[in-house]
Amino acid sequence: MKLSPSMLSADFTQLGEQIRLVDAAGADYIHLDIMDGQFVPNITFGAVVVEAVRSVTDKPLDVHMMIEEPIRYLEDFKKAGADIVTVHVEACKHLHRTVSRIRELDMKAGVALNPATSVNVLNYIFDDVDMALVMGVNPGFAGQTFIPAMLDKIKRIHKIADDKGLKNLEIEVDGGITLNNVSAVVDAGANVIVAGSAIFSGNPGENVKEFLKRMY
Ligand code: DX5
Ligand code: ZN
């Protein structure tokens, strides 16, 4: 089980301090949401900020690319210090080429699925990915409500991973996760939990500890 706080909801005037707080409280990964204003309506930040984050933590950087054709920027994010790069199936013309390139660059490769996207798109690339990311909301913004049907999607991926003996596949869930529904997504089979607003509203360190308690 891993917890990956999404920095999108952090106080950006104190980014370093906010990362240190969640890092010290036991966060496993640091989740960084890259948005381009094309694939999703919102724009966030790019490799320069990832590089700055790299300088204040040793935790793996879990970079979630919500951009069109992310293959164009993989080298940049590698240089910035990314450990895991997750791309959206809906944003890649050549998904297999993109995930292969991520691994060639010696990073872990993740594939994210929008709420309406079927798990079938993963059928022929399960062996080529390290992580499947189930979006609990439509990507673009923090603070939205979890779509309950995504529990079934998590269960399906968990079952496929079991059937195929993919013991190391990480099943990440992102969007709308709170202290109230985290146990349900863990029970469904998610093993990497992303949370943004639920961690950075109030005391981030305490919230991380509370999440960890409810995950195990
Ligand atoms: C949404 C982002 C999420 C977001 C999660 O498009 O990918 O990582 O920051 O925020 P919450 O946890 O508030 O839904
Ligand atoms: Zn994300």
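Remember, it's 1-based here, ligands and their atoms both numbered in the order they're listed. Computed from a predicted structure; not experimentally measured.
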Determine whether any heavy atom of V137 lies closer than 4.0 Å to an atom of ligand 1.
->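 Heavy atoms of V137 never come under 4.0 Å of ligand 1.
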Atom indices of ligand 1 within 4.0 angstrom of [X] heavy atoms, with elements:
{"X": "L8", "value": "9 (O)"}
{"X": "S197", "value": "11 (P), 12 (O), 13 (O)"}
{"X": "M66", "value": "6 (O), 7 (O)"}
{"X": "A195", "value": "12 (O)"}
{"X": "H31", "value": "8 (O)"}
{"X": "G143", "value": "11 (P), 13 (O), 14 (O)"}
{"X": "G175", "value": "14 (O)"}
{"X": "M35", "value": "6 (O)"}

Cut-off 3.5 Å, side chains only: do [X] and [Y] have a donor facing an acceptor?
{"X": "D33", "Y": "H31", "answer": "yes"}
{"X": "E210", "Y": "N207", "answer": "no"}
{"X": "E172", "Y": "T86", "answer": "no"}

Straight-line distance of M66 CE to F141 CZ, nearest 0.5 Å |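 It comes to 11.0 Å.
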Identify the protein heavy atom lying closest to [atom], giving its residue, its atom name and the separation to 0.1 Å.
{"atom": "atom 14 (O) of ligand 1", "result": "G176 N, 2.8 Å"}
{"atom": "atom 2 (C) of ligand 1", "result": "D33 OD1, 3.5 Å"}
{"atom": "atom 3 (C) of ligand 1", "result": "D174 OD1, 3.0 Å"}
{"atom": "atom 6 (O) of ligand 1", "result": "G140 N, 2.8 Å"}
{"atom": "atom 1 (C) of ligand 1", "result": "F141 O, 3.6 Å"}
{"atom": "atom 9 (O) of ligand 1", "result": "S6 OG, 2.9 Å"}

State the atom name: nearest N, O or S atom of H64 to the Zn ion (ligand 2).
->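 Per the distance ranking, H64 contributes ND1 as its closest N/O/S atom to the Zn ion (ligand 2).
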Geometric class of the F39/H88 ring pair [parallel <30°, tilted 30-60°, perpendicular >60°] =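 Rings of H88 and F39: tilted, 30 to 60°.
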Report, as yes or no, whether the 6.0 Å neighbourhood of atom [atom1] on [X] holds more than 12 heavy atoms from other residues, nucleotides or ligands.
{"X": "N168", "atom1": "CG", "result": "no"}
{"X": "R214", "atom1": "CZ", "result": "yes"}
{"X": "D163", "atom1": "CG", "result": "yes"}

Short question: side chain of N181, backbone of G176 - any donor-acceptor pair under 3.5 Å?
->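 At least one qualifying donor-acceptor pair exists.
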For atom 12 (O) of ligand 1, state which one of S201, A10, P139, G196 supplies the nearest heavy atom.
->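 Looking at heavy atoms only, G196 sits closest to atom 12 (O) of ligand 1.
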State, to the nearest 10 degrees, the angle whose vertex is the Zn ion (ligand 2) and whose arms point to OD2 of D174 and OD1 of D33.
->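 It is 170°, given to the nearest 10°.
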L212, V173, D28 screened by side chain to side chain contact (heavy atoms under 4.5 Å, CB included) with I193, the one that passes =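 Going through the options one by one, the only one that passes is V173.
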Can you list the steps and then say if V134 with R156 is a side-chain contact (heavy atoms from CB on, under 4.5 Å)?
-> CA-CA 11 Å; V134 175; R156 278 175 196 248; over 6 Å; no
